[in-house]
> 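I am attaching a structure below and will ask some questions about it afterwards.
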Amino acid sequence: MKKTKVNPEDEITLGKMTPKPSPQDSYQGNFFDVFRDSDYKDYLLVAGGIILSAVNGALVPFNSLIFEGIANALMEGEAQYQNGTLNMPWFSSEIQFFCLRYFYLGLALFLCSYCANACLYTLCERRLHCIRKHYLKSVLRQDAKWFDEHTIGGLTQKMSSGIEKIKDGIGDKIGVLVGGVATFISGVSLGFYMCWQLTLVMMITVPLQLGSMYLSAKVSFYSTGLSFKINLQYLNRATKNEMSAYTNAGGMANEVIAGIRTVMAFNAQPFEINRYAHQLDEARKMGIRKAMILAICTSFPLMLMFTCMAVAFWYGATLAAAGAVSSGAVFAVFWAVLIGTRRLGEAAPHMGAITGARLAIHDIFKVIDHEPEIKCTSSEGKIPNTIQGKLTFDGIEFTYPTRPEIKVLKGVSFEVNPGETVALVGHSGCGKSTSIGLLMRFYNQGAGMIKLDGIPIQEYNIRWLRSTIGIVQQEPIIFVATVAENIRMGDDLITDEDIEEACRMANAHEFICKLSDRYNTVIGAGAVQLSGGQKQRVAIARAIVRKPQILLLDEATSALDTESERMVQAALDKASEGRTTLCIAHRLSTIRNASKILVFDKGLIAERGTHDELIADEEGIYASMVRAQEIERAKEDTTLDDEEDEKDHKAFHRDSVTSDEEREQQQSLARDSTRLRQSMISTTTQVPEWEIESAREEMIEEGAMEASLVDIFKYASPEMRNVLIALVFTFIRGLTWPAFSIVYGQLFRILSAGGDDVSIKALLNSLWFLLLAVTSGISTLISGGLLGKAGETMSGRLRMDVFRNIMQQDASYFDDPKHNTGSLTSRLATDAPNVQAAIDQRLAEVLTGVVSLFTGVGVAFYYGWNMAPIGLATALLLVIVQSAVAQYLKFRGQKDMDSAIEASRLVTESISNWKTVQALTKQEYMFDSFVAASKSPHRRAIVRGLWQSLSFALAGSFVMWNFAIAYMFGLWLISNGWSTPYTVFQVIEALNMASMSVMLAASYFPEYVRARISAGIMFTMIRQRSVIDNRGLTGDLPPIRGNILMRGVYFAYPNRRRQLVLDGFNMSANFGQTVALVGPSGCGKSTTIQLIERYYDALCGTIRIDDSDIRDISVKHLRDNIALVGQEPTLFNLTIRENITYGLENITQEAVEKAATLANIHTFVMGLPEGYDTSVGASGGRLSGGQKQRVAIARAIVRDPKILLLDEATSALDTESEKIVQEALDKARLGRTCIVIAHRLSTIQNADKIIVCRNGKAIEEGTHQTLLARRGLYYRLVEKQST
């Protein structure tokens, strides 16, 4: 035995973060897990952040202490001014003294705020960087059972949106909370210090028990800044319900758009539109309920605050009149307690972010702490120096953990001697690939033993075991890297010569030499696209360079065309020499030289022997499978052109084309990668600039323009009655704060005038405060509620209109890359809520701010035209500085995004291809690559946080500096006799109130930009008209018999206009005939079917159904008489019955069962617990490929069509089912016209007519026999694949 090599990080120790041994289910999640194994720097940062936030918070109420002094000076000054005895030197020194205090306080707040936020941002970024690494490493070490229970999208999403939630909870939010509590304590303490009686009265409205702030899991605050706990809980519940309802609607829309060709083929658009409308209706109800609760939560604190003012100011005036307290202290105490309470109230909702972070931490650490049953990174186990390669399967039983009721292997036993090639054959789902998965130790068997050289494979080191095995899978995975790097994934130590030699063996060298940079060409998603066959050859080369003792070939040549397959098969035969080889094949001609063939059937080995032994038993399963494949099918990249050079060019061109499904998958991964990238570089969870910029780019791409608010309001005209009523109340609400500043100024006058009737005057003044309480409460409730309802209704209508229009588009719309499933679904999911922002409660907030601003400025200019400009000037200065910082951050944004591209791609690629990564034992390699790639974005995110802190610090300290400048300017005006102390006070308070309202409203402005962009996109989508009227509202309704005629048809796909797919194509099919189309891939067979379905119109030429031009017939009527069974059937997340009767109404159960019986699926369905009411799952995921295909065939048969289109309808079926389904299809073909595309030529020998296509032309036509006699292309095709 060789000495075991142990890498210190093999056990995912990663620094010190060792996974807790806690069982998965009992893990409850703890907020402090974020700090697990932090170092001293993290603790210093968290301590610094919290202490400085507390100091910053505690300093804020000190402005009321300064305010007491300045108010006393102003009142004394006003009284003297009225008497004509103003002592200017005293007044001047007092005001200057307090202005200097304001300046110093502003400076202290600026420094504390900047340092606190810088500490917290840096801490947050350091911890998240660490968590990302642990998370990725943990995911990559999980076993297949765990991956079966988690979706790839869900795992990458945890790393983007999950980490975003943690960022939201542990960044500046902690500072806000700590600061809020500190401000409250400091404010109340200062209140008691200045006047304990008034503070006690104020405290009645403030929560008495601060201890009840943090309850075990539910968090709720009682304060004037927040509503009842009950409201909060209702709001949480309402938001959750609304989100889940919209998620369901989004999932449904995604599925429908992904299967749009099926929806079109079966005229199911009205059905899907109704289904979507029903889903949206549920969500709308939840949304309206949420809006009402939100309106109550907003109005209640406002009423409470003004009521509190009424009481406090009256009582304070009474105390001042009695001489118990100075007049300035009345204002100062009120503001000290109110600021404390408000800050606490504003901080309280952030507890939601912390709760959200805790849930996200729970989810992410559940993954980090999960111990897989099969530890693929373990260093334990035997590592022999040499092995012979003898494999023994002894009584193996296995069920997949996700489907415990179905036993896949039921006691399989066989041996493979060293150097032998053993082939596993059988229909799909019989356990062949499962056996290979067990040998690779992706799963552990339920019973029995798998041995290598007589030792159970569990005793070997798992990484050594996997490195000893070379595996070539059915769907090869190619990483985004150069060709050479991809092949080096097999073995790091190989030379360039080794790579070239392996590629020659795998028949890949030739096509690689044609790539732009040969072996240094970057391939994979987003780079040079390879065809299925080319990918497979690179994967074979990758397996060969490992020089494995055991070779596993899981349909290794299935994606290759016939010519390449023969060469690769020879290469694999060479590679298999001297190696133990297990080979799975559906194409039986590839395994006739195997030492032994095992025929699997229903989880058991039904037959075993050599090819000759098995073929001799004519009644056997193997012999019947061989007979059914007398003519082997030609796979997609078969090219049979006469001109050799043309062949090479065409084959290479076609090789660069990707299937829709692959493209969709790549786009989905690209979206996950972008989300991750954004998550890695954003420091704050507010809307970043680059997000708005990317939305603007998407809008331009869609050919849309930014919609104006007028456009949005026009669209919302059905809701306009509610909106107009709400706007009236919003205007009233906007007047509240300017009105307050006037009433407040009157109180200043009453207190400065003094006299015996102060208490009475103050009481009368307080009635105005009560009036403000009532009007502000009622106006806020009505405006918020009505606008919330209007917003929800309009957003639902917008989604519905866009979805309805998407359903009416033709196929060319969906071929456009910018209309892929992901982007259309996200339009519905994200753009509608963005537009809603322009009209719901957020509109109320913005308008309130705008009205307050203009009225406040108006009041200021009315009282003191010469004093007002200074307040506006300082505010403008702040805006300029803030904008400069924002501009700089925007400028940095794109570079930040670019720096994270590589890291985010590595995450999505390694998680989505986990099986390949584990089979190649490349977990550490992928992880190390990620760590290296994430260093730059990590550094940039920290710097970004420092700039963001500067912006926050400026906003926090500005108010103090503003007061200092304004009062100094006021002093200058008073000393020159151009103003009075009262005027200065009144103007500053009016502007202060206006600026407070605007700052509240300003946070909503970016949402308005997004609303206009999103509205522009969605309105353009609603206006887009399809060339083909998919609804079938126009056109003739002739009775269709089923004669088809195509004459001189030219066609190119809209997104590849220059490439003619049909080039003068001719064909005819008479009623009742079966016409087969054959020929190499890309010759126009499937295109013909798409033109008959009228997904597209031909560029030139005629297509006639019976005696009518296809363009004159109503599209709906045409498709009602056609049924299509495609190569990869699309089923929807409905029951089996709903899938079979898809797009039809009033179909009897008897008709459904009859169709299912014909399609050989009835028995299977009746064996299910819920029969025809069984849901097939998303995209039919609960059924195997063959079962899905049979449901699709039943769906076609039940319609009793005049024309049946079969596009490789039996290709996904195993040999046994194929025979039965073929009989069913033969029956289904009777009495109707049938157009068949088949690569498996055995299925079309009996066709009435076979049309051979090449380069978009029909070059041969006739029956099977006449075409063979002609010895043309068809003859060569048959000969090339014949046994």
> Can you see which heavy atom on Gly1171 is nearest to which on Ile1136, and at what distance?
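Taking every non-hydrogen atom into account, O-CD1, 4.1 Å.
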> Checking Asp1200 now: which residues fulfil salt bridge (Lys or Arg N to Asp or Glu O under 4.0 Å) with it, not counting sequence neighbours?
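Asp1200: salt bridge (Lys or Arg N to Asp or Glu O under 4.0 Å) contacts with Arg1232.
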> Any side-chain to backbone donor/acceptor pair from Ser1108 onto Ile1110? Under 3.5 Å, distance only.
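No; judged by distance alone, with no hydrogens or angles, the pair does not exist.
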> What residues form a ring pair (Phe, Tyr, Trp, His ring centres under 6.0 Å) with Tyr1142, not counting sequence neighbours?
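Applying ring pair (Phe, Tyr, Trp, His ring centres under 6.0 Å) to Tyr1142 gives Phe271, Phe1132.
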> When rounded to the nearest 0.5 angstrom, what distance separates CD1 in Ile1122 from CD1 in Ile1203?
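So the gap between those two atoms works out to 4.5 Å.
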> Do Cys1234 and Val1236 have side-chain heavy atoms sitting under 4.5 Å apart?
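Yes, side chains in contact.
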> Suppose we screen for ring pair (Phe, Tyr, Trp, His ring centres under 6.0 Å). Which residues come up paired with Phe814, at least two apart in sequence or across chains?
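Phe814: no ring pair (Phe, Tyr, Trp, His ring centres under 6.0 Å) contacts found.
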> When rounded to the nearest 0.5 angstrom, what distance separates OG in Ser1175 from CG in Leu1134?
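One gets 7.5 Å once the value is rounded to the nearest 0.5 Å.
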> List the atom of Ala1192, the atom of Val1125, and the distance in Å for their closest heavy-atom pair.
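Closest heavy-atom pair between Ala1192 and Val1125: O-CG2, 4.0 Å.
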> Is there a donor-acceptor pair closer than 3.5 Å between any side-chain N or O of Glu255 and the backbone N or O of Asn1133?
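Answer holds: yes.
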> Do Arg1041 side-chain atoms and Asp1106 backbone N/O form a donor-acceptor pair below 3.5 Å?
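Pair absent, no side-chain N/O of Arg1041 close to backbone of Asp1106.
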> Test your reading of the model: is there a side-chain donor-acceptor pair from Glu1260 to the backbone of Leu1267, 3.5 Å cut-off?
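It does not hold such a pair.
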> Do Gln808 and Ser1026 make a side-chain contact, defined as non-hydrogen atoms from C-beta onward lying under 4.5 Å apart?
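With C-beta onward as the side chain, the pair stays apart.
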> Flag yes if more than 12 heavy atoms outside Asp1107 fall under 6.0 Å of its CG atom; otherwise flag no.
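No - once you tally the heavy atoms of other residues, nucleotides and ligands closer than 6.0 Å, there are 12 at most.
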> Under the side-chain hydrogen bond (donor to acceptor under 3.5 Å, both in side chains) rule, collect the residues that match up with Arg1094, sequence neighbours excluded.
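Applying side-chain hydrogen bond (donor to acceptor under 3.5 Å, both in side chains) to Arg1094 gives Asp1097.
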> Considering residues, nucleotides and ligands other than Arg1137, do more than 12 of their heavy atoms fall under 6.0 Å from its CZ?
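Buried by this count: over 12 neighbours within 6.0 Å.
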> Quick one: salt bridge (Lys or Arg N to Asp or Glu O under 4.0 Å) partners of Glu1138, sequence neighbours excluded?
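For Glu1138 there are no salt bridge (Lys or Arg N to Asp or Glu O under 4.0 Å) partners, ignoring immediate neighbours.
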> Rounded to the nearest 0.5 Å, how far apart are CG of Leu1206 and CD1 of Ile1235?
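Leu1206 atom CG to Ile1235 atom CD1 measures 9.5 Å (nearest 0.5 Å).
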> Quick one: do Lys1257 and Asp1063 satisfy salt bridge (charged side-chain N to carboxylate O under 4.0 Å, His left out)? Show the steps, please.
CA-CA 6 Å; Lys1257 293 183 171 72; Asp1063 186 3; 3.1 Å; yes
> Tell me, please, which residues at least two apart from Thr1263 pass side-chain hydrogen bond (donor to acceptor under 3.5 Å, both in side chains).
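Testing Thr1263 for side-chain hydrogen bond (donor to acceptor under 3.5 Å, both in side chains), a comparison that skips the adjacent residues, returns Thr1266.
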> Less than 4.5 Å apart, side chain to side chain, heavy atoms only: is that true for Met807 and Arg804?
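Side-chain contact under 4.5 Å: no.
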> Report yes if the side chains of Ile1147 and Val1152 come closer than 4.5 Å at any heavy-atom pair, otherwise no.
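Yes, at least one pair of side-chain atoms sits under 4.5 Å.
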> Report yes or no: does Glu272 contribute a side-chain atom to a donor-acceptor pair with the main-chain N or O of Met252 at less than 3.5 Å?
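No, Glu272 side chain to Met252 backbone: no donor-acceptor pair under 3.5 Å.
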> Take Phe266 and Thr1141 through the side chain to side chain contact (heavy atoms under 4.5 Å, CB included) test and state the conclusion after the steps.
CA-CA 10 Å; Phe266 293 103; Thr1141 62; over 6 Å; no
> Go through the structure and list residues passing side-chain hydrogen bond (donor to acceptor under 3.5 Å, both in side chains) with Asp1120, not counting sequence neighbours.
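Asn267, Lys1116.
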> Test of understanding: with ring pair (Phe, Tyr, Trp, His ring centres under 6.0 Å), list the residues that count as partners of Tyr1053, not counting sequence neighbours.
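Partners of Tyr1053 by the ring pair (Phe, Tyr, Trp, His ring centres under 6.0 Å) criterion, ordered by chain and then number, come out as Phe1051, Tyr1096.
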> A side-chain contact here means heavy atoms from C-beta on lying under 4.5 Å apart; do Ile1250 and Tyr1274 qualify?
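Of all side-chain heavy-atom pairs linking Tyr1274 with Ile1250, at least one is under 4.5 Å.
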> Do other residues, nucleotides or ligands put more than 12 heavy atoms under 6.0 Å from Asp1173 CG?
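Yes - once you tally the heavy atoms of other residues, nucleotides and ligands closer than 6.0 Å, there are more than 12.
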> Would Arg1025 and Asn805 satisfy side-chain hydrogen bond (donor to acceptor under 3.5 Å, both in side chains), going step by step from the backbone distance to the final call?
CA-CA 8 Å; Arg1025 287 289 161 260; Asn805 202 46; 2.9 Å; yes
> Would a 4.5 Å heavy-atom cut-off, applied to side chains only, mark Leu1268 and His1264 as touching?
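Yes, at least one pair of side-chain atoms sits under 4.5 Å.
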> As an exercise, state the distance from OG1 of Thr1233 to CZ of Phe1071, rounded to the nearest 0.5 Å.
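Nearest 0.5 Å value for the OG1-CZ distance: 6.0 Å.
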> Do Asn1121 and Arg1199 get their side chains close enough for a donor-acceptor pair, meaning under 3.5 Å?
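No, no side-chain donor-acceptor contact under 3.5 Å.
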> Roughly how far, to the nearest 0.5 Å, is CD of Gln269 from CD1 of Ile806?
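Rounded to the nearest 0.5 Å, the CD1-CD separation comes out at 12.5 Å.
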> Can you name the closest pair of heavy atoms from Met1067 and Arg1047 and give their distance?
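Here Met1067 and Arg1047 meet closest at N-NH1, 3.9 Å.
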> State, yes or no, whether a side-chain contact exists between Leu1091 and Leu1062 at a heavy-atom distance under 4.5 Å.
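Counting from C-beta outward, Leu1091 and Leu1062 do come under 4.5 Å.
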> Check whether any side-chain heavy atom of Pro1201 sits under 4.5 Å from a side-chain heavy atom of Leu1204, and report yes or no.
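Pro1201 reaches Leu1204 side chain to side chain.
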> Kindly give the heavy-atom pair with the smallest separation between Asp1248 and Gly1072, and that separation in Å.
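Closest pair (atom of Asp1248, atom of Gly1072, distance): OD2-O, 4.0 Å.
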> Keeping the roles fixed (side chain from Asn1139, backbone from Thr1135), state whether a donor-acceptor pair exists under 3.5 Å.
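It does hold such a pair.
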> Which residue pairs pass the salt bridge (charged side-chain N to carboxylate O under 4.0 Å, His left out) test when at least one of the two sits in residues 1140-1166, sequence neighbours left out?
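Not a single pair qualifies under salt bridge (charged side-chain N to carboxylate O under 4.0 Å, His left out).
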> Which residues pass the ring pair (Phe, Tyr, Trp, His ring centres under 6.0 Å) test with Tyr1095, not counting sequence neighbours?
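Counting only residues at least two positions away or on another chain, Tyr1095 forms no ring pair (Phe, Tyr, Trp, His ring centres under 6.0 Å).
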> With side chain to side chain contact (heavy atoms under 4.5 Å, CB included) as the test, would you mind laying out the steps for Ile1103 and Leu1045 before giving the verdict?
CA-CA 6 Å; Ile1103 304 173; Leu1045 177 73; over 6 Å; no
> Once rounded to the nearest 0.5 Å, what's the spacing between atom CE of Met1046 and atom OG1 of Thr1102?
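Answer rounded to 0.5 Å: 9.0 Å.
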> Using only heavy-atom distances, determine whether the side chains of Lys1249 and Ser1068 contain a donor-acceptor pair under 3.5 Å.
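There is such a pair (donor and acceptor under 3.5 Å, judged by atom type) between the side chains of Lys1249 and Ser1068.
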> Which heavy atom of Cys1083 sits nearest a heavy atom of Asn1255, and at what distance?
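Closest approach of Cys1083 to Asn1255, heavy atoms only: CB-N, 4.0 Å.
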> Would you kindly say whether Ser812 and Asp810 are connected by a side-chain donor-acceptor distance under 3.5 Å?
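Yes, a side-chain donor-acceptor pair sits under 3.5 Å.
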> What residues, two or more places apart in sequence or in another chain, satisfy salt bridge (Lys or Arg N to Asp or Glu O under 4.0 Å) together with Lys1188?
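Here no residue qualifies.
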> Evaluate the side chain to side chain contact (heavy atoms under 4.5 Å, CB included) criterion for residues Val425 and Tyr622: first the C-alpha distance (whole Å), next the side-chain angles of each, then the deciding distance (0.1 Å), finally the verdict.
CA-CA 8 Å; Val425 301; Tyr622 183 77; 4.1 Å; yes
> Determine the minimum heavy-atom distance between Ala265 and Leu1124, stating which atoms define it.
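Nearest heavy atoms, Ala265 then Leu1124: CB-CD2, 4.3 Å.
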> Asn1066: which residues meet the side-chain hydrogen bond (donor to acceptor under 3.5 Å, both in side chains) condition with it, sequence neighbours left out?
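For Asn1066 there are no side-chain hydrogen bond (donor to acceptor under 3.5 Å, both in side chains) partners, ignoring immediate neighbours.
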> Hey, is the main chain of Asp1036 close enough, under 3.5 Å, to the side chain of His1117 for a donor-acceptor pair?
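Such a contact is absent between His1117 side chain and Asp1036 backbone.
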